Amino acid sequence: MGTELSIGVYTYEHTEALFDGRVTVDGVDAVFETAPLVSDIFRRTVEGHYDLAEFGLTYFLRTFDLDDAPFLALPILPNRNFRHSAIFVNTAGGIEKPRDLVGRTVGEFTLYGHDAGIWPKGILADEYGVTPDQCRWVIGGTNHPVPACDWIPRPVPDGVDVRQAEDGQTLGAMLESGEIDALISIDVPRAVLDGSPKVARLFPDYEAVERDYYRRTGIFPPMHIVAIRRELARRRGLARAVYDAFTEAKALAERKYLVDAAKQHMSVITPWFSALFEENRRLLGDDWWPYGVAANRKAIDTFLRYHHEQGLSKHRLTCEDIFVPELLDT
C-alpha cells in the first residue's frame, strides 16, 4: 500500500501495542499520536489534523448533517462503559428513583448530548419513561469550568430547555449546593470523590443494575469509534489493514488477562482482581471488548436511535450508513 497515515487515539491498554510497535498496520507507515484529553483528539480530528482518529460517537454523528460529511466509521470501539453510574443527584433533593427527575434541573458535562449522556438519557426514556423534555438542562464542566464546544455542531431540539453554565461555574459545585438537582457526567464530581454526603449516584447499587442491564440487553455501551476520511476509505484494503491492527492490539491486552488468570493476576496491584475478572468473564465472555459490526450492531443501532430521538441527528441512521462498506462483514 505504501501509505503514510497520521492516526490519533488515546493510550489505552488495548492500544499500547500500536504505540510501542508490537503491532503495525500492514503496508502503512502509521504515526500514532495521543493527547492528555481524548476530547483534544476529537477537536484535532475536526480541524483536519489526522487521517484517522478515535472519535466520540456523537461528535462523529453530528458531522453527518454537514453538507459535505467528511468521515466514515471503522467498527473499532476503543472506549465503552456502562453508564447508569454516570447519573448523580443532590441527596437533599428527594430524588430516589428515576421518575423523580421529572421537572428537575439536570447538569450535563460539556455538551448537550455528550456520549456518556446520550446513553443514560436513552435508558431513562426506554426503561423509566423519563424523556429529556421533562427536565431543564445546564451544560458545563463537572469539576472545572469548560467553554462551549464551538468546533462541532450543537443542535438542541425544540421543546427542550438548555442553557450554558455561567463563566466560572462548575456543575459539581452546583450539584453539591443544590443549584441543580442532578448531573449526568463522564467525570465523577469532586464531592463524590471526597466522600461528601450531599451528592450520591441515582443508582447506589449501579454495578448490579448495569450487570442486569447487560444480561437483559446484551449491550456494553460503546462511546467512541475510529473515524476515517471518506477519500481514504475508498482505498482498497486500507480500512481492513487498520481494523486488523487495532483488533490485534486489543487481543494482546485481553490475552494478557486470560493468561495471567493462572497466576492470580500477580502483575495487577488491585486486590481481589482475579475474583472480579472471573465474574466478568462469566458474564461477558473471553472477548469482552468486541470490535466488528456483527458483535456491536445492536448497541450501535440503539445509540443511533437514541441520537435521533434526542434531536441530535436529522435522520435515523443505520450501521450501513456510517461504517466503511468494506468492513460491514466484520
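All values reported here derive from a predicted model rather than from experimental measurement.
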Same apolar cluster (I L V M F W Y, side chains within < 4.5 Å links), [X]/[Y]:
X	Y	value
M223	F71	yes
F42	I322	yes
L252	V9	yes
V106	I180	no

Hey, is [atom1] on [X] packed in by over 12 heavy atoms from elsewhere, all under 6.0 Å?
X	atom1	answer
I269	CD1	no
E127	CD	yes
E166	CD	no

Between [Y] and [X], does any NZ, NE, NH1 or NH2 come within less than 4.0 Å of an OD or OE carboxylate oxygen?
X	Y	value
K121	E108	yes
R235	E326	no
D212	R216	yes
K263	D260	no
R240	D329	yes

- Message: Looking only at the side chains, is there a donor atom on one of T247 and D244 sitting less than 3.5 Å from an acceptor on the other?
- Response: no
- Item | Pair N79, Y10: side-chain N/O donor-acceptor within cut-off below 3.5 Å | no
- What closest approach, in Å, do P221 and F82 show between heavy atoms, and which atom pair accounts for it? CD-CD2, 3.5 Å
- Item | side chain to side chain contact (heavy atoms under 4.5 Å, CB included) between L5 and D29, worked out | CA-CA 6 Å; L5 291 179; D29 182 10; over 6 Å; no
- For the atom pair OG1 (T302) and CD1 (I123), what is the distance rounded to the nearest 0.5 Å?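 Nearest 0.5 Å value for the OG1-CD1 distance: 9.5 Å.
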- Roughly how far apart are F246 CZ and L77 CG, rounded to 0.5 Å?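 With rounding to 0.5 Å, CZ (F246) is 11.5 Å from CG (L77).
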How are the rings of [X] and [Y] set relative to one another: parallel (under 30°), tilted (30 to 60°) or perpendicular (over 60°)?
X	Y	answer
Y257	H265	tilted
W289	H14	tilted
W151	Y59	parallel

Would you check if [X] and [Y] make a side-chain contact, meaning some heavy-atom pair closer than 4.5 Å?
X	Y	answer
V46	I152	yes
L283	Y214	yes
F323	L72	no
R211	E279	yes
Q310	P157	no

- Query: H84 and ring pair (Phe, Tyr, Trp, His ring centres under 6.0 Å): which partner among W119, F203, Y128?
  - Reply: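 Between H84 and the candidates, ring pair (Phe, Tyr, Trp, His ring centres under 6.0 Å) is satisfied uniquely by F203.
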- salt bridge (charged side-chain N to carboxylate O under 4.0 Å, His left out) between R316 and D301, intermediate numbers included: CA-CA 9 Å; R316 171 79 177 272; D301 280 346; over 6 Å; no
Would you kindly check if the NZ (Lys) or CZ (Arg) of [X] is within the cone defined by 45 degrees around the ring axis of [Y] and under 6.0 Å from the six-membered ring centre?
X	Y	result
K298	F303	no
R230	F64	yes
K250	Y291	yes
R201	Y206	yes

- Query: Between D181 and R104, does a salt bridge (charged side-chain N to carboxylate O under 4.0 Å, His left out) hold up when you go through it step by step?
  - Reply: CA-CA 6 Å; D181 302 299; R104 303 300 187 117; 3.7 Å; yes
- Item | Polar side-chain atom of R80 near backbone of P290 as donor-acceptor pair, under 3.5 Å |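 Indeed, once roles are kept as given, a pair shorter than 3.5 Å links the two residues.
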